[in-house]
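Note sheet for the following structure.
Order of listing sets the numbers, starting from 1, for every ligand and every atom in it.
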Amino acid sequence: MPMPVIPLDDQHWALTTPGSTYVIGVVIDPETGEAAPRQTYWGPRLGPEAARQVTDLPRRHLSSFSTPAEVEELLPVDGGKRWGAPSLQVAFGHVRSVELRFVRSEVRDEGDGAERLDLVLADAHHPFEVVLSVRVRADTDVIERWTTVRTGTDAAVTRLDSGNWFVPDADAYRYSGVFGAWAEESQLQRGPLPVGELVFTSRQGITSHIANPWIMIDAGETTEEHGEVWGLALAWSGSWRLTTTHRPEGGVSVSGGFGHDGVRWTLAPGEELVTPPVLGLYTDGGFGAASRAWHEYARLHVLPTPAEERPVLYNSWEATTFAVTEAHQLALAKTAASIGVELFVMDDGWFGRRDDDTTSLGDWFPHRERFPEGLRSMFDGIRDLGMSTGLWVEPEGLSKESELYRAHPDWALHLEHRRRDEKRQQLVLNFAREDVREWAVGWLDGLVTELDLDYLKWDMNRPFTQAGWPEKEQSQDRIWIEHTRGVYQVMARLRERHPGLRIESCSGGGGRVDLGILRYTDEVWPSDNTDARDRQHIQHGFSQLYPASAMSAWVTDTPNPTTRRTMPLRYRFHVAMAGVLGIGGNLAEWTSGELEAAAELIAQYKHVRATVQHGRQYRLAGTPGAERSAVQYVHGDQVAVLVYNPLGNAKRAPRRLRLTGLDPEAQYELERDGSRWYGATLMAAGIRPAAWEPIGPDYRSELVVFRKV
Ligand code: GLA
């Protein structure tokens with residue numbers, strides 16, 4: 001098998017994945033000696049000879065007013081003859097300009113079929129090195145890129161992207177991305193890519209609810225099942241920016257990186273700055289194949305425990321909000337255990353004097369009135385019921401009304417001579433500080449050890465404002481990066497000390513969902529909105545990039561506490577069964593009939609959960625906004641299809657549902673009645689789901705399961 005990095009000549013390389021080729025090279029301007037590494041090809045896989053033929057197709061220079069080749073550069077700098085959005089912007093003293101020379105290239109075998117190419121460049125005058133790294137792997141079409149800068153002189157960096165990617169020429173371009181707000185995260189948006197610069201960004205210090213750090217681009221005709229897609233995703237959980245440039249004279253590129261406009265990193269001699277990875281994926285199998293490739297990449301190279309089946313959890317938040325007590329939690333736990341729940345998580349309200357959201361973040365000791373004897377006996381009681389245990393924490397949160405704030409007011413992110421504005425009555429602790437990290441590891445480790453916890457729900461309930469670290473003077477802007485790295489570090493240290501510990505990332509719902517945090521957490525909470533109908537839209541957007549095994553999904557009460565919409569229990573279950581099933585309703589108020597139905601649905605979920613969580617996912621029919629929709633999962637011999645019909649009386653929508661991704665020659669047995677069908681039949685003629693029949697109530701749904709014979 002050819003190695004993934006194939007040198008084509010001294011200055012060009014073909015980076016090869018199972019289904020794609022990415023050709024890059026270093027172009028040296030004969031007049032100025034300036035080196036510009038650039039991409040000359042990214043698309044269907046080519047053999048080395050064909051790849052050699054695409055090393056020299058430069059973009060045409062049109063006039064002295066334009067430099068169209070910038071879009072092809074791997075890291076267009078602010079310097080030389082460029083006017084586009086820079087991927088690297090550095091000031092040396094008063095001179096904000098970079099002129100690079102090519103130093104060398106290095107290819108290294110990283111084992112397991114992964115190879116890495118480093119292109120080392122240096123400023124023509126200042127001791128300032130820039131290393132562009134690209135990693136390709138034999139088991140995925142996702143290509144990883146990142147950038148390192150090292151300086152021997154004072155340098156102020158105002159932009160350092162992980163990489164710029166060029167999307168090949170097409171007649172038209174369309175983008176896809178997800179956008180939203182609190183309680184309506186991950187709304188898929190797809191539309192023509194305007195000429196100009198399109199910026200998706202978070203300036204919040206967290207990934208944000210507003211936009212998620214990925215974009216996919218196609219030529220306008222790609223469908224779920226067919227067509228080419230170029231996708232980029234940034235693996236980072238702080239502020240970020242993806243700038244898509246569509247030049248009027250043609251050419252589209254996407255530059256992605258951490259930090260946002262205005263943030264400045266001053267580097268002293270001897271310092272370096274390394275970016276998080278930006279990931280690129282090409283596929284010709286439509287949006288569905290793109291999503292499956294991202295899911296598979298997350299399983300193979302991101303998630304810490306991808307082989308595990310995530311347990312069915314109960315979370316008390318919607319049932320109790322802050323009013324948690326031992327007796328009530330134990331009562332809920334008893335009911336939860338009786339219907340098949342495997343993990344019990346107590347949410348907010350257990351610590352300090354936390355009776356509402358105005359106080360106590362930082363005071364991570366049990367609430368003295370509610371838990372006078374501590375939490376141990378309650379968690380022992382939960383374990384006695386046969387469940388594992390979890391607890392809500394918000395380590396980065398800090399209430400002004402807390403013992404911690406009174407002792408360490410300087411631990412909050414703050415700026416000199418500026419207010420400390422609160423959001424949700426709280427500030428943010430500065431995780432860039434070593435003393436804060438030590439404190440966090442200390443109490444978290446103590447808590448997990450003392451209570452023998454299996455699970456933490458790690459929340460983060462407010463974006464940064466007035467973010468600074470006055471003692472750091474020149475380099476205080478670094479908290480925008482180092483806070484996030486600090487969070488990663490604390491999570492990593494905690495996991496190292498407690499290999500059995502699992503972590504859920506939450507940020508007021510889906511404010512911190514990205515391929516950076518998923519390296520340290522096992523699942524994420526996509527939204528505080530648990531309305532099943534709204535959730536379908538959120539899950540649809542979520543599934544574009546992230547796998548079902550990372551998507552926490554609860555069944556809650558009806559009418560839904562957020563939207564007041566009433567929906568049948570089955571429908572609520574079937575929507576939550578598309579991810580990691582959890583229960584978040586007030587079980588004390590569920591009728592015995594509801595509990596019985598819930599127990600049966602939980603058992604059904606366990607029967608298909610390996611398939612849902614680890615299988616290949618096909619968004620079969622309809623977007624969630626359509627009258628009828630369905631999602632299919634295939635894993636080993638099992639095929640599970642979740643079918644939805646929210647508008648029961650819709651007359652015109654399709655009745656038959658064609659499956660996909662099956663072996664046409666094989667026979668599949670419908671579990672419900674033992675009937676056998678060829679894969680070819682199921683894919684060509686389809687099935688006729690009962691929930692799709694024309695006359696019937698709203699919110700019908702079903703789970704259809706086949707087994708390959
Ligand atoms: C955030 C989370 C919720 C819940 C509350 C607790 O809003 O998203 O799930 O944990 O905090 O205060």
Side-chain angles (χ1 to χ4, degrees), residues 180-186 204 206-210 212 237 313-325 328-329 332 343-364 367 370 389-399 401-402 422-429 447 453 455-463 487 502-514 517 521-532 534-535 538-539 542 550-557 560-563 576 579-586:
W182 176 80
E184 55 170 327
E185 297 87 339
S186 295
Q204 300 198 327
I206 51 172
T207 325
S208 95
H209 303 73
I210 302 163
N212 201 259
S237 318
L313 72 68
Y314 178 80
N315 178 295
S316 62
W317 174 245
E318 286 193 13
T320 64
T321 63
F322 296 95
V324 290
T325 62
H328 191 196
Q329 293 288 305
L332 288 167
L343 162 66
F344 187 92
V345 184
M346 179 161 70
D347 211 276
D348 201 349
W350 61 267
F351 54 94
R353 293 192 295 136
R354 184 85 166 166
D355 298 321
D356 54 34
D357 62 11
T358 61
T359 88
S360 302
L361 292 170
D363 297 346
W364 299 106
H367 193 298
R370 294 182 174 168
T389 55
L391 193 58
W392 180 94
V393 292
E394 191 180 344
E396 300 149 85
L398 177 62
S399 304
E401 194 46 57
S402 68
E422 293 166 78
K423 287 288 272 178
R424 206 196 192 207
Q425 280 82 248
Q426 65 188 78
L427 301 168
V428 179
L429 270 172
L447 195 71
L453 296 172
Y455 191 90
L456 289 176
K457 174 175 169 185
W458 180 307
D459 211 338
M460 165 42 159
N461 271 310
R462 64 155 291 177
V487 169
R502 302 293 170 258
I503 304 179
E504 172 181 358
S505 164
C506 174
S507 178
R512 190 139 72 188
V513 175
D514 57 79
I517 205 70
T521 57
D522 307 275
E523 46 187 287
V524 293
W525 180 230
S527 181
D528 279 345
N529 184 344
T530 57
D531 175 296
D534 286 354
R535 204 59 180 235
I538 293 167
Q539 295 182 175
F542 185 99
M551 187 179 78
S552 197
W554 308 344
V555 175
T556 58
D557 294 333
N560 183 272
T562 309
T563 63
V580 179
L581 178 66
I583 313 293
N586 187 359

Task: contact_flag Glu394 ligand 1 heavy-atom lt 4.0 Å - done: no
Open item on the list: What protein heavy atom lies closest to atom 2 (C) of ligand 1? Include the residue and the distance to one decimal.
Closed with: Asp459 OD2, 3.0 Å
- [ ] Using distance alone, decide if ligand 1 has a nitrogen or oxygen within less than 3.5 Å of any nitrogen or oxygen in Trp554.
- [x] no
TODO: Would you name the heavy atoms of Asp528 and Glu185 that are closest together and state the gap between them?
DONE: N-OE2, 4.2 Å
Open item on the list: So if I count the atoms of ligand 1 from 1 in the order they appear, which ones are less than 4.0 Å from some heavy atom of Cys506?
Closed with: 2 (C), 8 (O)
Open item on the list: So for Arg424, does at least one of its heavy atoms come nearer than 4.0 angstrom to any atom of ligand 1?
Closed with: yes
- [ ] Could you tell me whether Arg535 sits above the aromatic face of Trp525, with NZ or CZ closer than 6.0 angstrom to the six-membered ring centre and within 45 degrees of the axis?
- [x] yes
Open item on the list: Quick one: does any side-chain atom of Thr521 pair with a main-chain N or O of Ile503 as donor and acceptor, under 3.5 Å?
Closed with: no
Task: Which atom of Arg370 lies closest to which atom of Val324, heavy atoms considered - done: CD-O, 3.1 Å
- [ ] From the options Asp357, Thr358, Asn461, select the one residue that forms a side-chain hydrogen bond (donor to acceptor under 3.5 Å, both in side chains) with Gln425.
- [x] Asp357
Open item on the list: Checking Ser316 against Asp347: is there a side-chain donor and acceptor pair closer than 3.5 Å?
Closed with: no
Task: Polar proximity ligand 1 side, Ser507 side, N/O cut 3.5 Å exclusive - done: no
Task: Shortest non-hydrogen separation from Trp350 to Val393 and the atoms involved - done: CZ2-CG1, 4.2 Å
- [ ] Check each atom of ligand 1 against the heavy atoms of Lys457 and keep those under 4.0 Å away; list them by number with element.
- [x] 3 (C), 4 (C), 9 (O), 10 (O)
Open item on the list: Over 60° means perpendicular and under 30° means parallel, so tell me whether Trp392 and Phe351 are parallel, tilted or perpendicular.
Closed with: parallel
- [ ] Return yes or no for this condition: an N or O of Gly509 is under 3.5 Å from an N or O of ligand 1.
- [x] yes
Task: Winner among Asp348, Asn529, Asp528 once heavy atoms are compared against atom 12 (O) of ligand 1 - done: Asp348
TODO: With heavy atoms of Asn461 as the reference, note each atom of ligand 1 found under 4.0 Å away.
DONE: 1 (C), 7 (O), 11 (O)
Open item on the list: Asp347 versus ligand 1: do any nitrogen or oxygen atoms come within less than 3.5 Å of each other?
Closed with: yes
